[in-house]
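Start at 1 and go down the list; that is how both ligands and their atoms are numbered.
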Amino acid sequence: MDKPHILVTGGCGFIGSNFIRYLLSSGACTITNLDKLTYAGNLENLKGFEARPGYTFVRGDIANEADVERAFAAPVDAVVNFAAESHVDRSIMDPGAFVTTNIYGTYLLLEQARRKGVTKFLQVSTDEVYGSLGETGRFREETQLAPNSPYSASKASADLLAMAYHKTFGLPVVITRCSNNYGPYQFPEKLIPLLVSNALVDRELPIYGDGLNVRDWIHVSDHCAALALVLDKGVPGNVYNVGAGNERNNLEIVEIILEVLNKPRSLIKYVKDRPGHDRRYAIDNTKIRDTLGFEVHVPFKTGMEETVRWYVEHRDWWEKIKTGEYLGFYEKWYGSR
Ligand code: NAD
Ligand code: DAU
């Protein structure tokens, strides 16, 4: 029997590239990767994997119908949709791109998947669709959607559209909502790679507000394992929250990085807060553990130390990124904070 063929979108980004590495290493399927190569897409993230048998790269936009049709040229068994504008701060600067890619792009993929008939459509979503928590409680799958940023609102919209395709057309949609990922190949606009790469050149470490906002961190490899599980065993029409139970405030994160790199606290610079900054996220992962057997493998301390070391050892990877467009973004966002 032929191996299943998976259409992965956004496979040149942080989580998508880790997921493609994960799937191709298992040898269980073949893959088409549809990626527009925006500022966040990087072919180097898949170095060494481009020539693997069963892997095809299609440069294209999920918000362009002809590109989506091209990506479906080989019969597709399942779709895993990572492609998105993913940075909250950029969604505050330029919401339009988020509406186009995250909502309209998801619609075009759903529509093509419906026409072609796939056995699974996995929409990779985020815990940010639930909004912000107070001091206690955790997000469950039933928690009301209450997104606060243009990014999270666009992701929530895509979730609703995907579920409507399940209910109306019977498309076998599953949705995952994961907490904050960390690990190799994360674009250095996100907190951890930004702090590590700045600290390595003794540049200030911008911390929003009082630094006490809480995120629930999961190593990207644990997220990829959860996605593979949901792709294989997830029941259509279901949402699965994914998290590893590692709540940390932002000051705790910066302290770990400074300690591993042996850098001084004086690098920390408190800057103007992000507008609409969600205070706390925390995931209840009972459903994916109890119904699909998900287990967390990477302990937070080990995962963080390895991650910091990865950025130390892959300086050429982030140095190339922190030029051109990146510098323009950095100046525009942080210059006046
Ligand atoms: P990323 O920004 O690193 O990568 C996004 C990828 O999508 C890039 O390769 C980019 O080129 C591609 N892309 C963007 N617009 C496209 C378009 N119109 N057509 C085709 N490709 C396009 O993002 P990430 O952090 O890897 O996140 C991937 C997905 O996971 C997103 O959907 C995000 O919402 C979700 N997610 C991320 C996290 C996290 O902590 N990073 C947590 C939960 C969920
Ligand atoms: O929760 C999942 C989400 O996690 C994903 O859906 C998003 O794609 C991903 O970007 C991430 O969103 P966050 O906004 O939580 O991640 P970010 O790395 O931008 O910020 C993490 C925390 O650090 C947040 O409280 C804001 C703070 N921060 C961030 C930056 C970039 C700072 O204090 N300073 C900074 O310079």
Side-chain angles (χ1 to χ4, degrees), residues 8-19 33-43 45-46 58-64 67-68 71 80-92 97-98 100-102 104-106 108-109 123-130 132 139 147-149 151-152 154-155 158 176-183 185-195 198 204-218 220 223 227 242-243 248-251 253-254 268-271 273-274 276-283 330 333-334 337:
V8 174
T9 70
C12 296
F14 165 45
I15 307 172
S17 61
N18 276 282
F19 185 68
N33 172 15
L34 172 64
D35 197 300
K36 185 179 176 181
L37 297 182
T38 66
Y39 77 91
N42 188 346
L43 288 172
N45 295 0
L46 285 165
V58 174
R59 183 170 189 178
D61 184 347
I62 63 164
N64 177 299
D67 288 353
V68 171
V80 184
N81 182 26
F82 291 97
E85 290 293 338
S86 69
H87 193 39
V88 174
D89 296 335
R90 289 190 191 243
S91 83
I92 296 166
F98 289 71
T100 306
T101 289
N102 301 1
Y104 184 66
T106 301
L108 286 182
L109 289 169
Q123 174 65 10
V124 182
S125 187
T126 165
D127 62 352
E128 297 202 10
V129 298
Y130 297 122
S132 186
F139 297 132
N148 290 315
S149 70
Y151 162 69
S152 53
S154 69
K155 292 294 290 186
T176 52
R177 294 188 180 137
C178 189
S179 61
N180 285 62
N181 285 220
Y182 68 99
Y185 300 106
Q186 186 166 31
F187 194 84
E189 65 191 351
K190 307 288 171 22
L191 182 71
I192 290 173
L194 184 143
L195 296 182
N198 277 15
E204 60 197 25
L205 310 179
I207 296 295
Y208 299 158
D210 60 6
L212 297 179
N213 297 65
V214 172
R215 296 294 183 263
D216 187 350
W217 295 94
I218 182 170
V220 66
H223 186 193
L227 291 168
V242 182
R248 299 287 187 282
N249 70 42
N250 296 332
L251 286 181
I253 298 295
V254 77
I268 297 174
K269 185 185 176 204
Y270 289 94
V271 299
D273 209 351
R274 168 188 281 173
H277 195 177
D278 288 334
R279 191 64 173 170
R280 175 172 166 257
Y281 302 146
I283 283 280
Y330 202 90
W333 183 253
Y334 292 98
R337 297 199 100 71

Interfacing atoms of ligand 1 (cut-off 4.0 Å, heavy-atom, N180): 40 (O)

Within-shell test, K155 vs ligand 2, heavy atom, strictly < 4.0 Å: no

Per-atom contacts, ligand 1 versus A83 - under 4.0 Å to a heavy atom: 7 (O), 20 (C), 21 (N), 22 (C)

Nearest candidate to atom 19 (O) of ligand 2, where distance is taken over non-hydrogen atoms, out of R274, R248, R215, R90: R274

Residue portion contacting ligand 2 (non-hydrogen atoms closer than 4.0 Å) for L191: both

Geometric N/O contact D278 with ligand 2, under 3.5 angstrom: no

Location of contacts on N180 toward ligand 2, heavy atoms closer than 4.0 Å: both

Side chain, backbone, both or neither: E128 near ligand 2, heavy atoms under 4.0 Å: side chain

Numbered atoms of ligand 1 (with element) below 4.0 Å of L37, judged on heavy atoms: 11 (O)

Sub-4.0 Å atoms of ligand 1 with respect to non-hydrogen atoms of G60: 19 (N), 20 (C)

L46 and N33, any side-chain heavy atoms less than 4.5 Å apart: yes

Intermediate values then yes/no, side chain to side chain donor-acceptor pair (under 3.5 Å), T9 and N81: CA-CA 5 Å; T9 70; N81 182 26; 2.5 Å; yes

Protein contact of atom 7 (O) of ligand 1 - nearest heavy atom, named by residue and atom, plus distance: G10 CA, 3.5 Å

T126 neighbourhood, listing ligand 2 atoms whose heavy-atom distance to it stays under 4.0 Å: 1 (O), 2 (C), 3 (C), 5 (C), 6 (O)

For atom 37 (C) of ligand 1, the option (of I15, T126, T9) bearing the nearest heavy atom: I15

Nitrogen or oxygen of Y151 less than 3.5 angstrom from that of ligand 2: yes

F139 and Y281 aromatic ring geometry - parallel, tilted or perpendicular at 30°/60° bounds: tilted

Backbone or side-chain N or O of P206 under 3.5 Å from ligand 2 N or O: yes

Validation row: R177, S125 side chains within 4.5 angstrom (heavy atoms): yes

Non-hydrogen side-chain atoms of E128 and K155 separated by less than 4.5 Å: no

Note, Y151 side chain near T126 side chain (heavy atom, < 4.5 Å): yes

Nearest option to atom 33 (C) of ligand 1, as decided by whichever heavy atom of Y39, Y182, F82, Y151 sits closest: Y151

For atom 19 (N) of ligand 1, the protein heavy atom that lies nearest, with its residue and separation: I62 N, 2.9 Å

Side-chain touch F82/N18, heavy atoms, less than 4.5 angstrom: no

Interfacing atoms of ligand 2 (cut-off 4.0 Å, heavy-atom, N250): 22 (C), 23 (O), 24 (C), 25 (O), 27 (C)

Atom 25 (O) of ligand 1: nearest protein contact (heavy atom, Å): F14 CD2, 3.8 Å

Minimum non-hydrogen distance to atom 30 (O) of ligand 1, winning option of L34, V124, T176: V124

Atom indices of ligand 1, in the order listed, that fall short of 4.0 Å to a heavy atom of D61: 17 (C), 18 (N), 19 (N)

Under 3.5 Å: N/O of G13 near N/O of ligand 1: yes

N/O separation below 3.5 Å, Y208 to ligand 2: yes

Atom indices of ligand 2, in the order listed, that fall short of 4.0 Å to a heavy atom of E189: 31 (C)

Polar proximity ligand 2 side, N213 side, N/O cut 3.5 Å exclusive: no

